[in-house]
2 protein chains.
Amino acid sequence: MKKTVLVFSLLILAILLLFQLSKYALVSNNLQTEIVIAVIAIVFFFVGIFIHKKSLQKPGLLPIEIDYKKIESLEISKREYEVLQKIAEGLSNREIADTLFLSESTIKTHVSNLLVKLNAKRRTEAVQIAKSFQII
Amino acid sequence: MKKTVLVFSLLILAILLLFQLSKYALVSNNLQTEIVIAVIAIVFFFVGIFIHKKSLQKPGLLPIEIDYKKIESLEISKREYEVLQKIAEGLSNREIADTLFLSESTIKTHVSNLLVKLNAKRRTEAVQIAKSFQII
DNA sequence: TCCATTTTGGTACTTTAGTATGACTGATGT
DNA sequence: ACATCAGTCATACTAAAGTACCAAAATGGA
């Protein structure tokens with residue numbers, strides 16, 4: 001965290017410095033206008049890339065867009081999808097049953113149906129396939 | 001794919017146009033230098049963000065940086081780590097044994113050790129924890 | 001060379017996961 | 001009113017996963 005603040009502070013300072021330099025360069029006509037603009041453009045282009053990269057540092061903030069159409073096309077129902085999410089969280093059938101206030105039998109039924117619909121042999125494979133489909 | 005090419009083409013055209021406009025604006029002194037530079041800076045800043053975002057569109061290209069120090073601190077050995085990767089791919093113990101040319105017993109030993117080291121109760125939970133630790 | 005660690009593998013066991021099948025309920029649409 | 005379907009749950013079974021404990025190679029340094 002401290003490192004991030006430091007990096008951003010330095011970045012802002014560098015940008016301000018660049019601004020001042022570019023103004024001096026232009027008013028004193030030491031440099032060609034094109035070069036100054038190009039430098040500014042390139043620097044801010046990379047700053048944009050850098051900022052965006054930083055903003056994605058935490059995996060929880062990754063823009064994982066869920067493909068709801070895919071879920072529909074696989075004919076996965078609401079309940080089944082809930083179970084799929086719990087599986088992906090690493091819960092056992094017993095734990096899923098408890099969190100959803102259902103019996104373990106019901107969860108087993110849902111899991112079995114999910115495996116068929118996702119064409120998976122195991123729950124771990126189901127998670128892998130679901131992620132590749134961008135549905136979780 | 002076609003859409004991406006189109007968008008990038010338009011983007012490049014827009015940038016070139018901006019360049020020309022800025023040059024005209026500066027030489028004819030219609031606008032203040034600061035404003036032109038600021039506009040250039042802002043535009044390229046967002047272009048940088050846009051480009052970086054686009055480059056991350058494919059999930060396979062996500063820059064998931066693996067925390068090797070974390071792996072070490074958890075005392076996960078090379079073999080155990082290989083097994084962990086296979087687990088995350090959704091393979092069964094039997095399949096992992098076959099791909100690594102080992103017996104299923106060995107895989108079970110590795111998995112058991114992994115569960116202890118990752119403080120997980122199940123292989124699915126182990127995958128979840130490993131991802132939260134950024135080690136897979 | 002010797003020591004520590006990793007890697008490998010086995011047996012015997014318990015637990016969890018998954019399959020197959022059938023049945024009941026409640027909501028929905030025709 | 002009736003068929004349909006999602007959701008629920010059960011039983012009985014097989015398969016896979018995981019635990020506990022042990023032990024022998026191999027690997028890599030000191």
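Residue numbering restarts at 1 for every chain, and letters A, B, ... go by the order of the sequence lines.
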Ser77(A) vs dG7(D): side-chain N/O to OP1/OP2 distance below 4.0 Å: yes

Any His110(A) side-chain nitrogen or oxygen under 4.0 Å from OP1 or OP2 of dC9(D): no

Value in whole Å for how far the C1' atom of dA17(D) lies from CD of Glu125(A): 16 Å

Phosphate OP1/OP2 of dC9(D): any Thr109(A) side-chain N/O under 4.0 Å: no

Side chain to side chain donor-acceptor pair (under 3.5 Å) evaluation trace for Thr106(B) with Thr109(B): CA-CA 5 Å; Thr106(B) 306; Thr109(B) 306; 5.9 Å; no

Intermediate values then yes/no, side chain to side chain contact (heavy atoms under 4.5 Å, CB included), Leu11(B) and Ile51(B): CA-CA 10 Å; Leu11(B) 194 64; Ile51(B) 295 283; 3.9 Å; yes

Start and end of the DNA chain C segment that chain B contacts, any atom under 4.0 Å from a heavy atom: dT7(C) to dA17(C)

Upstream residue (5' side of DNA chain C) when Arg122(B) and Glu80(B) are each assigned their closest nucleotide: Glu80(B)

Nucleotide nearest Arg123(B) when distance is taken to its side chain, options dG7(D), dC9(D), dA17(D): dA17(D)

Gap separating the CG atom of Asp67(A) from the CD1 atom of Ile136(A), nearest 0.5 angstrom: 12.5 Å

Pair Lys117(A) + Glu80(A): basic N to acidic O under 4.0 Å: yes

Closest to the Asn93(B) side chain, choosing from dT19(D), dA10(D), dA17(D): dA17(D)

5' priority, DNA chain C, between Glu75(B) and Lys121(A) [closest heavy atom]: Glu75(B)

Residues Glu82(B), Arg79(B): salt bridge by 4.0 Å N-O rule: yes

Common cluster, Ile12(A)/Phe45(B), ILVMFWY with side-chain heavy-atom separation under 4.5 Å: no

Terminal helix-axis angle for the helix from dT1(C)-dA30(D) to dT30(C)-dA1(D), with five pairs defining each axis and rounding to 10 degrees: 60°

